[in-house]
Amino acid sequence: MNVRTRFAPSPTGFLHIGGARTALYGWLEARRQGGQFVLRIEDTDRERSTQAAEQAILDAIVWLGLSADEAPVYQTQRLSRYQEVAERLLTEGKAYYAYESKEEIAAMREAAVARGEKPRYNGYYRDRHEAFRDDPNRVIRFRNPTDGWVVFEDKVKGRIVFANSELDDLIIFRSDGWPTYNFAVVVDDIDMGITEVIRGDDHINNTPRQINLYHALNARVPEFAHLPMILDRDGKKLSKRSHAVNVMEYREAGYLPHALLNYLVRLGWSHGDQEIFSRTQMLSLFNITEVNKAASRFDLEKLNWLNQHYLKSDDPATLVNELKWHFKRLGVAFAQGPALIDVIVALRDRVSTLKEMAQRARVWYGPIREWDDRAVRKHLQSDSAPRVLEAAREHLSQVEWQPAAIQQLIEQLAMTLALGMGKVAQPLRVAMTGKQVSPSIDDTIYLCGRDRALQRIDAALERSRA
RNA sequence: GCUCCCAUCGUCUAGAGGCCCAGGACGCCGCCCUCUCAAGGCGGAAACACGAGUUCGAACCUCGUUGGGAGCGCCA
């Protein structure tokens, strides 16, 4: 059977990390089996849906590389279809008009709660067969079975059973003439030929109602896979407070899309002891039935590790564009300065994000922005510093401008001056960067370029005498 | 309140009755390497929520307790 999955965001905000994982799993599940992954924009909440949010979600999906196989479906463009299906249910007696006001319904709920019951609709219009009438409170409700059970085999949670007696007659068409979520989802999933519904486990409680709707429509019920939630580091629901929830904030923070994907795929799923998964490996190994049932917490430290892993192991050439993106955001004029690929190789063992890389690389593209006073005192204002700097200046003005040659020069310098490498490298390091931390000294000098390196030694000599 | 879901190191997880006095990874700690910081190498501390039951034998099966989470909208 041709497998079709979908990701169905509502355009009321950005794509958050939990949504990204849902999309990833749906994408993997469909692609692994040679099926299709499609998008549906659930924009029937016209109050809260925005064009900007929709675009932000689409952009994030593109950035992650979770491309859909077909054009997105928009619920707002399918109104006549929903009306048609609701009509059918009405004529078949499987749905009915109800005319309570919102206040009456609220009172109904309160009364139910007061009686110690679940807040539910009391079915007043269920058997009254009221005809259509032009009433601002007119809604269409689904005639849900009152007894029996709804049983389904969830692909991650296993067998789940609900008693129909726990359910009530849900509204499928609102008084404003738009369908409600549970109804639109079912009609869409049927029309789109969705075979596996993959979504957060906060939807488990909606599932029995939806299954009853499938039955009423004589449609084949798809399979369901309810994914556990992703919690923040404290085990609370993800929120702006904890850390970034917006996928695009991870790009801004310097994470690689495949690192994020690798992190997400391992959050709730595993394949033995394997931690590193390329897209291709995920595609062949992932199986939704192996996903964990329990909620998991988002751990930034592990994401950092993965991100650095890819920074270190990816072909540096493939990182050039991503680094440029971060340079632009920081306003770094990267056209004048060392080749980006050299910067990447020099820094990738030392940072865990591209943002950090871009920040640390600034010294090679512009003036030293700040001086570490401690570094200056310790390494520039030492007894040996002036000698080291002067000798280095002389030799650097002539040496072949390659890291290996520079390295050799410095080692010789240490010998000639009878100083340890620390006494030679540290003053130069502070001279080149203003700090006592940087890549290896040969790279640090090399990346400055000869002119800038010599100027910086002159400036450092000034400071060493200050 | 009612319904549903969940429960192995701090975190992500392996484990589908004996292979487990529980393995890997991140993080943490120590040592090595070293021009700084990293990276890397080596080593270490660290968990089966609790209680019954089934069984010759339980992290794995059953029941209960406790603790988390979700839902109960004319939101999705």
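What's counted below: heavy atoms across the whole structure, side chains too, no hydrogens, waters or symmetry copies. Proteins get letters first, then strands, A, B, ... in listed order; numbering begins at 1 in each.
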Between [N] and [M], how many Å separate the two [atom1] atoms, rounded to a whole number?
N	M	atom1	answer
rG51(B)	rC56(B)	P	22 Å
rC37(B)	rC31(B)	P	14 Å
rA49(B)	rC6(B)	P	15 Å
rC20(B)	rG15(B)	C1'	9 Å
rA14(B)	rU54(B)	P	30 Å
rG40(B)	rC26(B)	P	8 Å
rC29(B)	rG10(B)	C1'	14 Å
rC60(B)	rA7(B)	C1'	14 Å

With a 3.5 Å limit on both atom pairs, tell me what [N] is paired to, counting Watson-Crick and G-U wobble, or say none.
N	result
rU54(B)	none
rG27(B)	none
rC2(B)	rG71(B)
rA14(B)	none
rA49(B)	rU65(B)
rA59(B)	none
rA38(B)	none

For the side chain of [X], counting heavy atoms from C-beta on, which of [options] is nearest?
X	options	value
D299(A)	rC35(B), rG10(B), rG71(B)	rG10(B)
Q426(A)	rU36(B), rA76(B), rG10(B)	rU36(B)
S440(A)	rC35(B), rA76(B), rC74(B)	rC35(B)
M229(A)	rC35(B), rG69(B), rG71(B)	rG69(B)
E301(A)	rC74(B), rU36(B), rC26(B)	rC26(B)
D349(A)	rC74(B), rA76(B), rA38(B)	rA38(B)
Y181(A)	rA76(B), rA25(B), rA38(B)	rA76(B)
D442(A)	rA25(B), rU3(B), rC35(B)	rC35(B)
P119(A)	rC74(B), rG1(B), rC6(B)	rG1(B)
I204(A)	rU3(B), rC4(B), rG1(B)	rC4(B)

In this structure, how many angstroms lie between the [atom2] atom of [N] and the [atom1] atom of [X], rounded?
X	N	atom1	atom2	result
E411(A)	rU34(B)	CD	C1'	13 Å
M421(A)	rU36(B)	CE	P	9 Å
Q308(A)	rG27(B)	CD	C1'	14 Å
R141(A)	rG73(B)	CZ	C1'	10 Å
N164(A)	rC2(B)	CG	P	20 Å
D168(A)	rU3(B)	CG	P	15 Å
E356(A)	rC37(B)	CD	P	16 Å
R120(A)	rU3(B)	CZ	C1'	10 Å

Heavy atoms under 4.0 Å, any strand shown: does [X] hit a base, just sugar-phosphate, or nothing?
X	value
F173(A)	nothing
S438(A)	base
K102(A)	base
L267(A)	sugar-phosphate
P9(A)	nothing
H203(A)	base

Validation row, ring centre [X] to ring centre [Y] under 6.0 Å:
X	Y	value
W269(A)	F286(A)	yes
F142(A)	Y214(A)	no
Y125(A)	Y99(A)	yes
F132(A)	Y97(A)	yes

*Residue closer to the 5' end of RNA chain B, R209(A) versus R21(A) (nearest nucleotide)*: R21(A)
*asked:* Determine whether a donor-acceptor pair (one donor, one acceptor, N or O, separation below 3.5 Å) exists between the side chain of E275(A) and the base of rG24(B).
replied: yes
_Donor-acceptor pair under 3.5 Å, D202(A) side chain vs rG71(B) base_ = no
*Please lay out, stage by stage, how K155(A) and E153(A) fare under the test salt bridge (Lys or Arg N to Asp or Glu O under 4.0 Å).*
CA-CA 6 Å; K155(A) 294 192 105 176; E153(A) 298 292 334; over 6 Å; no
Can you check whether [X] has a side-chain N or O nearer than 4.0 Å to OP1 or OP2 of [N]?
X	N	answer
R174(A)	rA76(B)	yes
T180(A)	rC74(B)	no
N206(A)	rC4(B)	no
K118(A)	rU3(B)	no
K312(A)	rG40(B)	yes
R266(A)	rU13(B)	no
S296(A)	rU13(B)	yes

*Could you point out which residue of Y255(A), F298(A), W305(A) forms a ring pair (Phe, Tyr, Trp, His ring centres under 6.0 Å) with Y263(A)?*
F298(A)
_I want to check something: taking the side chain as every heavy atom from C-beta on, are Q407(A) and Y446(A) in contact at a cut-off of under 4.5 Å?_
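Side-chain contact under 4.5 Å: no.
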_T444(A) and S438(A): CA distance, side-chain angles, deciding distance, side chain to side chain donor-acceptor pair (under 3.5 Å) verdict_ = CA-CA 7 Å; T444(A) 300; S438(A) 84; 2.8 Å; yes
*Give a yes or no answer on whether the side chain of T433(A) reaches the backbone of K435(A) with a donor-acceptor pair at less than 3.5 Å.*
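A pair under 3.5 Å: yes.
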*Is there a side-chain contact (heavy atoms from CB on, under 4.5 Å) between L28(A) and I288(A) once you walk through the steps?*
CA-CA 9 Å; L28(A) 288 172; I288(A) 196 96; over 6 Å; no
